[in-house]
Number of protein chains: 2
Amino acid sequence: MQLTKGFEQAACIIALLATQNRQIPISSQVIHDRVNGSQTYLQKLLRKLVVAGLITSASGNSGGFSLAKDPKEITLLEIVQATEGEIKTYPDLGFIDLVFRDFRPLSQEATHVINQAFHQADQLWCQYLSTKTVYQIIVDTFGKEDIPLVDWNDSKIDSSLILPKLKK
Amino acid sequence: MQLTKGFEQAACIIALLATQNRQIPISSQVIHDRVNGSQTYLQKLLRKLVVAGLITSASGNSGGFSLAKDPKEITLLEIVQATEGEIKTYPDLGFIDLVFRDFRPLSQEATHVINQAFHQADQLWCQYLSTKTVYQIIVDTFGKEDIPLVDWNDSKIDSSLILPKLKK
DNA sequence: GCGTTTTTACTCGGATACTAACTGTCCGAGTGCTTTCGG
DNA sequence: CCGAAAGCACTCGGACAGTTAGTATCCGAGTAAAAACGC
């Protein structure tokens, strides 16, 4: 049970935007150069983030994407939900009701009880991630309060750096 | 992000065994009749549960499967881990280190911070599920303390009951 | 100059192909109870 | 009778096929800023 690769990419995009000089949007080209994935697949991810209201897109010349709100107000949970949809770990395909179908009202009660248990667990997970803001994550990495802003559109990647291989 | 179909089936099998007269194992045939899935795939699930030490198998004539320990000592978390392996929701494919590869020591720090955050969330999820025992789930459904035991090998399924369709 | 047209650099969104994890199938081997059979 | 052999009803575990969610690709359309153009 894992989050998707798409989520990890989305998180990076948010990190990129959070350290980007506001007002200036980042073009999808620049994002692609850094993330090294499928150009068009990234655009689908970006679209999801736009729909979720985490980022905004500007079309036209010198357009691109920017953060829709302050990094202090974007939580990890929001990124998860934007890319994965609502979190519900118990699949609930109705197996309990199938297996115990000759004990009918009870089998449905059992389904309810187990759904409840997993829902509670999911709540705890979500609740914790909703306390972790993007701002806090960045501050924790830098180890200082003020986040330096850049214009990623300018900075070329040093191509002498070997491309780190992604884990299997 | 969901648990697999296999987990839901495994949970049903545990429920079946938890209401089974101890000493008498349930044959894989009977389990299959109830769960209605792939005969041999169920056996793979059963194998996982055996390896995890949740159930035991008896080979030979009139063999089958029984619970390895008291339902009070089997938690939902154990079933999850038996079927899914260790829970680690953040994929950690190394995208952060890739995207910010020209800020090297820092990018690794960021990876660590986010891993830490998700690990913490996972812990909360696991911790909660480890408090939910199979016994407690069953008691909650029945609404009474003593769980009636049956020999599922005997009880035929009333075939007049229409097979409930599984959700997509 | 100043308004209009063209160019350019982007995003939007649907249709479709690829891929890997999950699910399902097949088959030969091993194990222990039960039945059969020879003496 | 009684011990050994055969049969039976199970599990074990590897190799491989099918399915589906997630990932990747293609392409035509739309949009807004900047540049070019005409008078």
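Below, read A as the first sequence line, B as the second, and so on, with proteins coming before strands; counting in each chain starts at 1. Being a predicted model, the structure only gives us computed values, none of them experimental.
Remark: A:Ser38 is in phosphate contact with D:dT25, judged by side-chain N or O atoms under 4.0 Å from OP1 or OP2. Distances shorter than 4.0 Å separate some side-chain N or O of B:Thr4 from OP1 or OP2 on C:dT23.
Ranking C:dC26, D:dT23, C:dG30 by closeness to the B:Thr40 side chain, first place goes to C:dC26.
For the pair A:Gln2 CD and D:dA21 C1', the computed distance is 14 Å after rounding to whole Å. When the P atom of D:dT11 is taken as reference, atom CD1 of B:Ile26 falls 11 Å away, rounded to whole Å. Atom NE2 of A:His32 is separated from atom C1' of D:dA24 by 11 Å (rounded to the nearest Å). Counting to the nearest Å, the P atom of D:dT11 and the CD1 atom of B:Ile13 are 12 Å from each other. For B:Leu3 and C:dA21, the CG to C1' distance is 15 Å, given to the nearest whole Å. If you measure from atom CG of B:Leu42 to atom P of C:dT25, you get 10 Å, rounded to the nearest angstrom. The CD-C1' distance, from B:Gln29 to D:dC10, rounds to 11 Å in whole Å. Atom OH of A:Tyr41 and atom C1' of C:dG14 are 17 Å apart (whole Å).
When each of A:Lys5 and A:Asn61 is assigned the nucleotide of DNA chain D with its nearest heavy atom, A:Lys5 is the one assigned upstream, toward the 5' end. Each of B:Phe7 and A:Ser28 has a nearest nucleotide on DNA chain C; the 5'-most of these lies closest to A:Ser28.
Residue B:Gln127 qualifies as open at atom CD: its count of foreign heavy atoms under 6.0 Å is 12 or below.
Two rings, from A:Trp125 and A:Phe118, have their centers 6.0 Å or more apart.
For the segment residues 43-57 of chain A, the set of residues with a heavy atom within less than 4.0 Å of an atom of DNA chain C comprises A:Lys44, A:Arg47, A:Ser57, in numerical order.
Contacts of B:Asp97 classified as salt bridge (Lys or Arg N to Asp or Glu O under 4.0 Å), with partners at least two apart in sequence or in another chain: B:Arg104.
Residues B:Phe65 and B:Ile24 do not share a hydrophobic cluster, defined by chaining ILVMFWY side chains whose heavy atoms lie under 4.5 Å apart.
In this structure, the side chains of A:Ile31 and A:Leu46 come closer than 4.5 Å at one or more pairs of heavy atoms.
Heavy atoms of B:Gly6 sit under 4.0 angstrom from primed sugar atoms or phosphate atoms, though from no base atom. A:Gly37 comes within 4.0 angstrom of nothing in the nucleic acid, heavy atoms only.
Using a distance-only test at 3.5 Å, with no hydrogens or angles considered, no donor-acceptor pair links the side chain of A:Gln9 to the main chain of B:Phe95.
For the residue pair A:Asp92 and A:Asn115, a side-chain donor N or O sits within less than 3.5 Å of a side-chain acceptor on the partner.
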